[in-house]
Each structure stands twice: as C-alpha cells, then as structure tokens.
Student: 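Sharing a structure here in structure tokens format.
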Amino acid sequence: MFATERTRSDMNAVLVGEKRGIRGKLLFAGPAVIASVAYMDPGNYATNIQAGAGYGYKLLWVVLLANLIAMLFQALSARLGIVTGKNLAELCRDNFSSPVVWVMWFVSEIAAMATDLAEFLGGAIGLALLFDMPLMAGMTVTAIVTYGILMFERKGFRPMELIIGAMVAVIGLCYLIEILIAPVAWGDAAVGMVTPQLADATALTIAVGIIGATVMPHAIYLHSGLTQNRADIKNDTERKRVLKFSNTEVVIALAIAGMVNMAMVMMAASAFHQGHSEVAEIETAYHTLTPLLGAAAAGVFLISLIASGISSSVVGTMAGQMIMQGFLHFRVPLLLRRLVTMVPAFVVVAMGVNATQALVVSQVILSIALPVPMVALIIFTSRRDIMGDYASGKLTRLLAFLGATAVLSLNFVLLADVFGISMPFLIG
C-alpha cells in the first residue's frame with residue numbers, strides 16, 4: 001500500500017521535529033492495528049469458547065503466553081520492514097535456495113487458506129444468526145462486503161487503517177459490554193492466568209488451537225510488509241524514532257487484542273462452564289447466551305463476530321497477496337486472490353462439515369505452519385549483514401528462541417497425541 005502526498009508530508013514533518021503531539025504520532029499508527037485483527041479473528045472465538053466452556057478459567061495462561069509471544073514476533077516483524085525496506089517473504093526469497101522458497105511458500109499458502117476459512121466462516125455465521133439467513137447467503141454477503149472494503153486499498157493505506165481500526169474498536173467495545181454483563185469470577189481468572197496446566201488431551205488440542213489462533217503466520221508476514229517503506233526515513237535518528245513509534249503501537253494494539261481474547265474466555269467460563277460445559281460451537285453459544293445473559297449479550301456477541309470476520313478476512317487477503325508477491329515475485333488480481341482463498345470455506349459448508357469444528361481444525365493447522373515464519377524471522381533479525389546495528393541483541397534472541405520453542409513443543413505434543421504416543425508427564 002502507498003501513502004498519499006499529504007500523509008507522507010505530514011509524516012516527514014513529524015520525523016524532522018516540525019510536527020509534535022499525539023496527532024503526529026498517530027500518523028505512524030496503523031500496521032500493528034491491522035496485524036492485531038489476526039489475533040481477534042473468528043478462530044479465536046471458536047477456541048476461546050471451547051476453552052472457557054470446557055475448562056473455565058484454567059486455560060487463560062495459554063492466552064497470556066500466546067499474546068506475549070505475539071507481541072515479540074510482531075515487533076520483530078515490524079522492525080525487519082522498517083530497517084531493511086523489505087518484507088519477510090522477500091527476504092526469504094533473496095536468502096534461501098529455490099526449493100526451500102517453494103516449500104515455504106506452499107506451507108504459507110496452506111496457512112493463508114486455513115486463515116481465510118476461519119475468518120470467512122466466522123463472519124458468515126454471525127450474519128446468518130443475526131439476520132436469520134442461510135449460511136451460504138451469509139458467506140455471499142461476507143464476500144461482497146470484504147471485497148468492497150479491499151477496494152479502499154487504491155486510496156492509500158490510511159483509509160484502510162481507519163476502517164480496520166474502527167472494526168477493532170467495535171470488537172473491543174462489544175467485549176467490554178460482555179464482561180460487564182457476565183458475572184466473572186475475577187479471582188479464579190487471575191489464578192488461571194498464572195497457573196500453567198493441561199487437564200487432558202482435549203485441553204492440549206484447545207491450547208494448541210489457541211496458540212494457532214493467536215500467533216498467526218500471515219500476521220508475521222504482513223506486519224513487515226506494512227512497515228516497509230512506510231515513511232521516508234533519511235537517517236538513523238529518524239529510523240530510531242519510527243522504531244519507537246512502532247514498538248509502542250505493537251504493545252498497545254496487541255495488549256488490547258490480548259484483553260479481548262481473555263474476555264472471550266472469561267465470558268464463556270462465566271456463562272457456560274457451570275451447567276453448560278458441553279457448549280463448543282459458536283451457534284450453540286449464541287442460542288445459550290440468550291436465556292443465560294439476555295438477548296443484549298447474545299446480540300453484542302454476534303455483532304463482534306461479524307466485525308471480526310469481515311475485518312480479519314480483509315486482512316487475510318492482504319497478507320495472501322503479500323506472501324505470494326514476496327515469495328514468487330508474482331501478483332494476481334485482487335478479485336482472483338479473494339476467490340481462491342474463499343473456495344475452501346464454500347467447499348466445507350457445501351460438504352456439510354460442522355462450521356465451528358472446521359474453525360478449530362484450521363487453527364491447529366495454523367499452529368503447525370507457524371514455525372516457518374517464526375524461524376525465518378529470528379534468523380533475519382539476528383543477522384548483522386541484514387539488520388546492521390539493529391540486529392537483535394542476546395536477550396531478544398533468547399526470548400524469541402524461547403517463544404518459538406514453546407510453540408514448537410506444543411505442536412510436537414499435539415502430533416504425539418494424534419499418533420497415539422503417550423506423554424503423561426505433560427498432562428494433568
């Protein structure tokens with residue numbers, strides 16, 4: 001995406017110190033807000049409802065861990081784009097062999113399709129429930145609306161950032177209302193955030209799904225692209241200033257996303273865990289919320305789901321374009337890209353597959369695909385020949401390594417469970 005001349009001029013004025021104050025700093029806000037949508041997509045709704053309904057507040061620690069890992073990797077991705085002027089996919093293409101690049105692209109495309117499946121289905125489910133229409137009709141409306149929003153890319157990055165930012169605000173406001181309505185056990189929630197435990201194999205699957213729904217492969221790729229060449233940086237002083245703006249935005253945007261995710265789990269725990277722990281689907285959650293917390297709570301839930309589905313579907317298409325262009329140096333028309341990533345969602349519905357279960361499975365796929373961009377990002381941000389003086393320090397490299405190890409370990413445990421390999425020391 002590009003900046004209009006007025007936006008670029010205002011950003012330059014901030015960098016040279018001619019323009020100060022919060023309004024000037026807000027010109028640099030946007031990339032992390034867009035990336036944060038990936039952390040509040042419908043896949044989060046599916047996994048968080050299952051987590052709260054089935055295990056109460058006991059999996060909140062997974063949400064917190066995933067959010068902290070996400071903050072670190074989104075900050076690194078933004079730094080990569082700001083310092084190098086290239087996005088992660090482009091650097092992979094430039095630095096790895098052709099076979100490796102093709103494999104990375106293929107895995108990333110599968111992840112992009114899994115992402116779009118979750119986002120597209122989520123928005124369609126919300127519309128279908130709110131307006132009492134068939135799911136296929138909801139999917140069609142979602143497709144039209146998301147394509148219409150994508151057209152704003154032609155007007156530069158600010159209109160798109162403002163639209164996505166407004167939808168993030170809607171999601172956040174909706175869950176603030178939900179928390180005020182639901183009788184949350186705050187003490188139990190606090191304990192759940194700091195007490196790691198996995199009660200059984202199902203809890204493990206949900207935990208991996210939470211990781212996959214929170215730390216998103218396409219968001220890591222996208223953030224580096226949103227920050228590359230965003231501002232006309234002329235020297236190290238200006239670059240450091242942009243990096244400071246970026247880090248601040250990442251912390252704020254992802255903290256909000258993390259609180260929304262925790263609110264989802266707490267709402268489900270409060271409403272469903274005692275007496276309705278079998279609730280595992282978005283549709284069931286909506287119908288159960290009405291008698292438990294009232295029509296207002298159920299309606300707010302659907303409004304947030306629709307905003308989440310539409311905004312994250314838009315962001316997913318943007319990321320898919322960037323991934324393909326970066327890895328293959330090839331760009332397809334936006335409409336074609338939108339159609340290709342929508343196909344799996346229509347196939348799933350046409351086959352009669354349970355929509356919420358498809359959402360959860362898609363998040364597990366994302367978690368397994370996640371190491372590809374995570375490992376590449378750690379490699380590139382640690383190399384002085386790429387990052388110069390902005391290469392990651394020892395502490396940052398250690399934290400990134402630990403974060404990636406945590407994700408890889410959860411993936412390994414999930415695969416062991418799938419193949420029937422007993423690992424009792426990790427359960428209980």
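Numbers here are sequence positions counted from 1.
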Student: Side chains of N261 and N67: donor-acceptor distance under 3.5 Å anywhere?
Tutor: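 Judged by distance alone, the side chains do not pair up.
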Student: Would a 4.5 Å heavy-atom cut-off, applied to side chains only, mark Y57 and V191 as touching?
Tutor: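 They are not in side-chain contact.
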Student: Give me the atom names and distance for the closest heavy-atom approach of H218 to G316.
Tutor: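 Between these two residues, the closest heavy atoms are CD2-CA, 4.0 Å.
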Student: Say whether, by atom type as modelled, one donor and one acceptor occur between the side chain of Q228 and the main chain of G81 under 3.5 angstrom.
Tutor: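 It does not hold such a pair.
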Student: Let's go through Y221 and V372 carefully: what are the C-alpha distance in whole Å and the side-chain angles of both, what is the deciding distance for side-chain contact (heavy atoms from CB on, under 4.5 Å) to 0.1 Å, and is it a yes or a no?
Tutor: CA-CA 10 Å; Y221 283 115; V372 173; 3.7 Å; yes
Student: So which heavy atom on M40 is nearest to which on V168, and how close?
Tutor: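 Closest approach of M40 to V168: CE-CG1, 3.7 Å.
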Student: Within this structure, what is the CG-CD1 distance for the pair L65 and I69, rounded to the nearest 0.5 Å?
Tutor: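 Nearest 0.5 Å value for the CG-CD1 distance: 4.0 Å.
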Student: My understanding is that only residues two or more places apart in sequence, or in another chain, count here; which of them pass ring-ring contact (aromatic ring centres under 6.0 Å, His included) with Y55?
Tutor: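 Counting only residues at least two positions away or on another chain, Y55 forms no ring-ring contact (aromatic ring centres under 6.0 Å, His included).
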Student: Centres of the F380 and F96 rings: under 6.0 Å?
Tutor: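 Yes; F96 has its ring centre under 6.0 Å from that of F380.
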Student: Would you check if the side chain of E178 reaches a backbone N or O of F301 as a donor-acceptor pair within less than 3.5 Å?
Tutor: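 Here the side-chain-to-backbone pair exists.
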Student: Tell me every residue that passes side chain to side chain contact (heavy atoms under 4.5 Å, CB included) with I252, counting only those two or more places apart in sequence or in another chain.
Tutor: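 Expected list: T248, I256.
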Student: Under a 4.5 Å cut-off applied to non-hydrogen side-chain atoms, are T396 and L72 in contact?
Tutor: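 Heavy-atom side-chain distance check passes, below 4.5 Å.
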Student: Looking at SG of C174 and CD1 of I179, how far apart are the two atoms once the value is rounded to the nearest 0.5 Å?
Tutor: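 Rounded to the nearest 0.5 Å, the SG-CD1 separation comes to 12.5 Å.
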Student: Out of curiosity, L59 CG to Q50 CD, how far, rounded to the nearest 0.5 Å?
Tutor: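 Result: 10.5 Å between the selected atoms.
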Student: Does some side-chain heavy atom of I163 sit less than 4.5 Å from a side-chain heavy atom of V314?
Tutor: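 When only atoms from C-beta onward are counted, I163 and V314 do not touch, as no gap falls below 4.5 Å.
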Student: Could you go through E161 and V33, starting from their C-alpha distance and side-chain angles, then the distance that decides it, and tell me whether this counts as side-chain contact (heavy atoms from CB on, under 4.5 Å)?
Tutor: CA-CA 7 Å; E161 289 171 354; V33 172; over 6 Å; no
Student: Quick check: does any side chain N or O of S36 sit under 3.5 Å from a backbone N or O of A257, one acting as donor and the other as acceptor?
Tutor: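 Not confirmed, S36 side chain does not pair with A257 backbone.
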Student: Using only atom types and a distance under 3.5 Å, with no angle test, would you say the side chain of Q74 pairs donor to acceptor with the backbone of A219?
Tutor: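 Yes.
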Student: Below 4.0 angstrom, N of the basic side chain to O of the carboxylate: do K58 and D188 qualify?
Tutor: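 Judged by the 4.0 Å cut-off on N to carboxylate O distance, K58 and D188 do not form a salt bridge.
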Student: If you compare all heavy atoms of A35 against all heavy atoms of H223, which two are closest, and at what distance to 0.1 Å?
Tutor: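 Scanning both residues completely, I find the closest heavy atoms to be CB-ND1, 3.9 Å.
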Student: Can you name the closest pair of heavy atoms from F73 and A400 and give their distance?
Tutor: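 Taking every non-hydrogen atom into account, CZ-O, 3.4 Å.
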Student: Are the side chains of T317 and T146 in touch, meaning some heavy atoms are under 4.5 Å apart?
Tutor: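 Contact flag for T317/T146 side chains = no.
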Student: Quick one, L328 and W102 - any side-chain contact, counting heavy atoms below 4.5 Å?
Tutor: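 Touching, per the 4.5 Å side-chain cut-off.
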Student: Pick one: which of P31, S77, S246 meets side chain to side chain contact (heavy atoms under 4.5 Å, CB included) with I82?
Tutor: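 Filter result, single survivor: S246.
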Student: Just how far is it from atom OG of S108 to atom CG of L88, taken to the nearest 0.5 Å?
Tutor: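 Atom-to-atom, S108:OG and L88:CG are 8.5 Å apart.
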Student: At their closest point, which heavy atom of M133 faces which heavy atom of L127, and how far apart are they?
Tutor: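 Nearest heavy atoms, M133 then L127: CG-O, 3.9 Å.
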Student: Could you check if a side-chain atom of M160 sits within less than 4.5 angstrom of a side-chain atom of I149, using non-hydrogen atoms only?
Tutor: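 Yes, at least one pair of side-chain atoms sits under 4.5 Å.
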Student: Is the backbone N or O of Q197 less than 3.5 Å from a side-chain atom of W61, with the two atoms forming a donor-acceptor pair by type?
Tutor: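 Yes; at least one donor-acceptor contact below 3.5 Å.
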Student: Looking at the rings of F327 and F106, which for Trp means the six-membered one, are their centres under 6.0 Å apart?
Tutor: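 Ring centres of F106 and F327 not closer than 6.0 Å.
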Student: Does any N or O in the side chain of S311 come within less than 3.5 Å of the main-chain N or O of A307, such that one atom is a donor and the other an acceptor?
Tutor: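 Looks like yes, one N/O pair under 3.5 Å.
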Student: Say you draw a straight line from OH of Y175 to CE of M262; how long is it, rounded to the nearest 0.5 Å?
Tutor: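 Rounded to the nearest 0.5 Å, the OH-CE separation comes out at 14.5 Å.
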Student: If you define the side chain from C-beta out and look only at heavy atoms, does anything of V101 sit under 4.5 Å from S98?
Tutor: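 Heavy-atom side-chain distance check fails, nothing below 4.5 Å.
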Student: Can you tell if the side chain of I49 reaches within under 4.5 Å of the side chain of M264, non-hydrogen atoms only?
Tutor: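 Side chain of I49 against side chain of M264, heavy atoms only: no contact under 4.5 Å found.
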Student: Given V265, which partner from the list V62, I210, L60 fulfils the side chain to side chain contact (heavy atoms under 4.5 Å, CB included) test?
Tutor: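 It is L60, the one option of V62, I210, L60 that forms the side chain to side chain contact (heavy atoms under 4.5 Å, CB included) with V265.
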Student: With distance as the sole test, does E90 use its side chain to make a donor-acceptor pair with the main-chain N or O of G326 at under 3.5 Å?
Tutor: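 No; zero donor-acceptor contacts below 3.5 Å.
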Student: Given 3.5 Å as the limit, does a donor-acceptor pair link the side chain of E249 with the main chain of G30, or not?
Tutor: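 Yes: the side chain of E249 pairs with the backbone of G30.
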Student: Begin from the C-alpha positions of M318 and L226 and carry the test side-chain contact (heavy atoms from CB on, under 4.5 Å) through to its verdict.
Tutor: CA-CA 10 Å; M318 292 165 58; L226 294 174; 4.2 Å; yes
Student: Working to the nearest 0.5 Å, report the span between SG of C92 and NZ of K86.
Tutor: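 Rounded to the nearest 0.5 Å, the SG-NZ separation comes out at 11.5 Å.
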Student: With distance as the sole test, does S224 use its side chain to make a donor-acceptor pair with the main-chain N or O of L80 at under 3.5 Å?
Tutor: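 Flag not set: sc S224 to bb L80 has no pair under 3.5 Å.
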Student: Closest heavy-atom contact between L76 and S392?
Tutor: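 In terms of heavy atoms, the two residues are closest at CD2-OG, 3.7 Å.
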Student: Look at the side chain of S270 and the backbone N and O of M266, then say whether any donor-acceptor pair between them is shorter than 3.5 Å.
Tutor: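 Not at all, since once roles are kept as given, no pair shorter than 3.5 Å links the two residues.
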